[in-house]
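The first residue in the sequence is number 1, and the count goes up from there. What's counted below: heavy atoms across the whole structure, side chains too, no hydrogens, waters or symmetry copies. Each ligand, and each atom within it, is numbered from 1 in the order the structure gives.
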Amino acid sequence: MNDRTLLLAGNWKMNHDHLEAISAVQKLAWALEDAKLDDSHCEVVVVPPFTDIRSVQTLVQGDKLWLKYGAQDVSQHAPGAHTGEIAASFLSRLGCSYVVIGHSERRADNHETNEVVATKIKAALSAELTPILCVGESLEQRQEKSHVEFTLGQMDESLAGFDAADLSGLVIAYEPVWAIGTGETATAADAAEMASAIRVRLGEKYGDALAQTTRILYGGSVKADNVAEIVASADVDGALVGGASLSGPDFAALCKAAVAK
Ligand code: PGA
């Protein structure tokens, strides 16, 4: 048993326009109502596309919903001449609590390096957003058994230049690339192995206090029927969920299953 609050974050990726987002959040909130969840059980977070965030904010604040929300990316720059970018301060102004940084799809599609990821973390922290830093290996690296070394290296480089005080509250999501959107889930033992290695490394670099308070999520084909087993591991503090978070009722079922572990 530890004091870390279970975190279930639904990354919608490039799905749901703002009208669909309103419907999905309403259905999620309704489906969670009978579970009577509160902050002592878990946090449930939706991570919609940028264009939905204002609508989600209006709904969450207007209906006083017990849900948090975040963004899928953030600019490393301060507001200014950066066409197409979204500043961290804009996201906190919209009431975002979290921002996903370094998702493998952005690393692959947008060539985001660990150095860029580190600058985005800095921007997020300066706007009081909690970064959800994504790390994880490819299938090839797993087959070569270099997955732990690779993932820890990615984390070390993404966190270069920060100290323990900067990183309090940080969330790390272990997402093996081969398990994302493929239906292939890492086993609970695979998730536990990496979460434990991440926690040990955090302890070595930043001290035991940060290691014990940092939440470590697993992501990659998490569904209502496998989440309980995954979050049962002592070092796994929740899940970053893609496909199974798009439907409000499905994501609610997943959250209930995780809490009931
Ligand atoms: P998935 O995506 O649940 O659809 O595999 C997870 C993620 O990319 O965060």
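Among all protein heavy atoms, the one lying closest to atom 3 (O) of ligand 1 is Gly242 N, 2.8 Å. Atom 7 (C) of ligand 1 has as its closest protein heavy atom Glu175 OE2, 3.2 Å.
In summary, the atoms of ligand 1 found under 4.0 Å from a heavy atom of Gly220, numbered by their order in the structure, are 5 (O). Under a 4.0 Å criterion applied to the non-hydrogen atoms of Gly181, ligand 1 contributes the atoms 1 (P), 4 (O), 5 (O). Atoms of ligand 1 found under 4.0 Å from any heavy atom of Ser221, numbered from 1 in the order shown, are 1 (P), 3 (O), 5 (O). Listed by number with element, the atoms of ligand 1 under 4.0 angstrom from any heavy atom of Ala179 are 5 (O). When each atom of ligand 1 is checked for a heavy atom of Gly243 under 4.0 Å away, the hits are 1 (P), 3 (O), 4 (O).
More than 12 heavy atoms of other residues, nucleotides or ligands lie within 6.0 Å of CD in Glu85, so this atom counts as buried by the packing criterion. Applying the 6.0 Å contact sphere to CD of Gln141 captures more than 12 heavy atoms from other residues, nucleotides or ligands. Dense packing is recorded around NZ of Lys205, with more than 12 heavy atoms of other residues, nucleotides or ligands lying under 6.0 Å away.
In this structure, Ser245 does not count as a contact residue of ligand 1, since none of its heavy atoms falls inside 4.0 Å of the ligand. Using 4.0 Å as the threshold, Lys13 has a heavy atom nearer than that to some atom of ligand 1.
Taking the side chain as every heavy atom from C-beta outward, Pro176 and Asp190 never approach each other to under 4.5 Å. With contacts defined as side-chain heavy-atom distances shorter than 4.5 Å, the pair Trp12/Ser245 qualifies. With a 4.5 Å cut-off on side-chain heavy atoms, Val231 and Val259 do not count as touching.
Expressed to the nearest 0.5 Å, how far CD1 of Ile121 lies from CZ of Phe162 amounts to 5.5 Å.
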